Number of protein chains: 2
Amino acid sequence: MLSIGDLSKRTGVKVPTIRYYEQMGLIDAAERSEGNQRRYERQDLERLAFIRHARDLGLDIAAIRELIALSAHPHQPCGNADRIAADHLKSVRTKIEKLKKLEEELERIVSHCDGGHSIEDCYVIRSLSDHGLCDGEH
Amino acid sequence: MLSIGDLSKRTGVKVPTIRYYEQMGLIDAAERSEGNQRRYERQDLERLAFIRHARDLGLDIAAIRELIALSAHPHQPCGNADRIAADHLKSVRTKIEKLKKLEEELERIVSHCDGGHSIEDCYVIRSLSDHGLCDGEH
DNA sequence: ATCTAAATCTCCAGAGACTAGAGCTATGGA
DNA sequence: TCCATAGCTCTAGTCTCTGGAGATTTAGAT
């Protein structure tokens, strides 16, 4: 039987976050010790590791909840799990594209500025003030 | 003199967001009409466009506040403005790198799953359960 | 058995950057 | 003059935690 602190150390999920996941219904309410402290077993450890991993991949709580619900029915087809992951992959790709555009824009702004002149002439400030100095649409 | 709605239309910043920016001290409290409605001038339009542009680039409120403070002193050197933009560029690049790793991982997971088999054997679910199936560290 | 320090409990507030709603008032055009 | 639209303030909710207050439990040392 693990305390919440043990579970935290083993999974890398902080203690208040574990309690938060319980509140959100991602993990079952734990058994309690005589003194009302949470006590966990191997199963809980696995479940939490699953959640941690999914969060690391950027899946949100709702998606994780859904995946957990799916995994409770091992004999159904896995189309939905596939869809959740594929959708997420798509949104990650979209984010990357957006950030790349930002990167270009910021690169251009920064490259014009060596920090040596006055605010008045600073390309950073001027770029922000005047959208016309931008290349692309954003 | 523009109403808050006019300002919103011209800058693409939503009305409640404009009020929020006022509350956060990014824009000066506007003059008011007899009936207590906000009235704006060209200056305010420019300021808000500046903020909008900076937000589009992903700068946070604190950074924008700093840039605004800097731009109030046009004859000082612009080293800080340069630094803010350069720092942000760095953090954008870091985010891109992280997301690319996610992308790879998700790609790998999804490519193993065609949605046609059962949850029990689903690579999506199995990957999440077993970190050992992952390539890299994350 | 007793003491103490660390861990845990619950509950509440805050982070960031808005967004939405309730309930009321002002404005502008027919 | 009427009425729809737009505006006002204030509060609360979003999402995923994170941190603190103040009380209690636990584990280990004496």
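The chains referred to below are lettered A, B, ... by the order of the sequence lines, with proteins before strands, and numbering in each begins at 1. In this text, all values refer to a predicted model and were calculated from it rather than measured experimentally.
In this structure, B:R52 contributes its side chain and B:G12 its backbone to a donor-acceptor pair below 3.5 Å. Checked by atom type and distance alone, the side chain of A:S127 pairs as donor or acceptor with a backbone atom of A:Y123 at under 3.5 Å.
One atom, CG of A:D6, and another, P of C:dA7, lie 10 Å apart when rounded to the nearest Å. The distance between atom CG of B:L48 and atom C1' of C:dC18, rounded to the nearest whole Å, is 14 Å. In this structure, B:D56 atom CG and C:dA17 atom P are separated by 14 Å, rounded to whole Å. As rounded to whole Å, 14 Å separates atom C1' of C:dA26 from atom CD1 of B:I4. B:I61 places its CD1 atom 9 Å from the C1' atom of C:dC18, with the value rounded to the nearest Å. Atom-to-atom, CD of A:Q37 to C1' of C:dT10 comes out at 12 Å; the value is rounded to the nearest Å. In this structure, B:I64 places its CD1 atom 8 Å from P of C:dC18, rounding to the nearest Å.
B:M1 and B:I18 are not part of a single hydrophobic cluster, where members link through side-chain heavy atoms under 4.5 Å apart.
For residues 36-48 of chain B, the set of pairs meeting the salt bridge (charged side-chain N to carboxylate O under 4.0 Å, His left out) definition, not counting sequence neighbours, comprises B:E22-B:R38.
Nearest approach of A:I119 to B:P77, heavy atoms of both residues: CG1-O, 4.0 Å.
Residues A:Y20 and B:R38 both approach DNA chain D. Their nearest nucleotides, taken by heavy-atom distance, put B:R38 toward the 5′ side. Positionally, the nearest nucleotide of DNA chain C for B:D60 lies more toward the 5' end than for the other of B:N36 and B:D60.
OP1 or OP2 of C:dT27 lies within a sub-4.0 Å distance of a side-chain N or O belonging to B:S33.
Mapping heavy-atom proximity under 4.0 Å, the span of DNA chain D touched by chain B runs 5' to 3' from D:dG7 to D:dT9.
Salt-bridge formation is detected for the pair B:R108/B:E105: a Lys NZ or Arg NE/NH1/NH2 atom is positioned less than 4.0 Å from an Asp or Glu carboxylate oxygen. A salt bridge does not link B:E103 with B:K100: every distance from a Lys NZ or Arg NE/NH1/NH2 to an Asp or Glu carboxylate oxygen is 4.0 Å or more.
Residue contacts for A:R19: at a heavy-atom cut-off of 4.0 Å it reaches a base atom on one of the strands shown.
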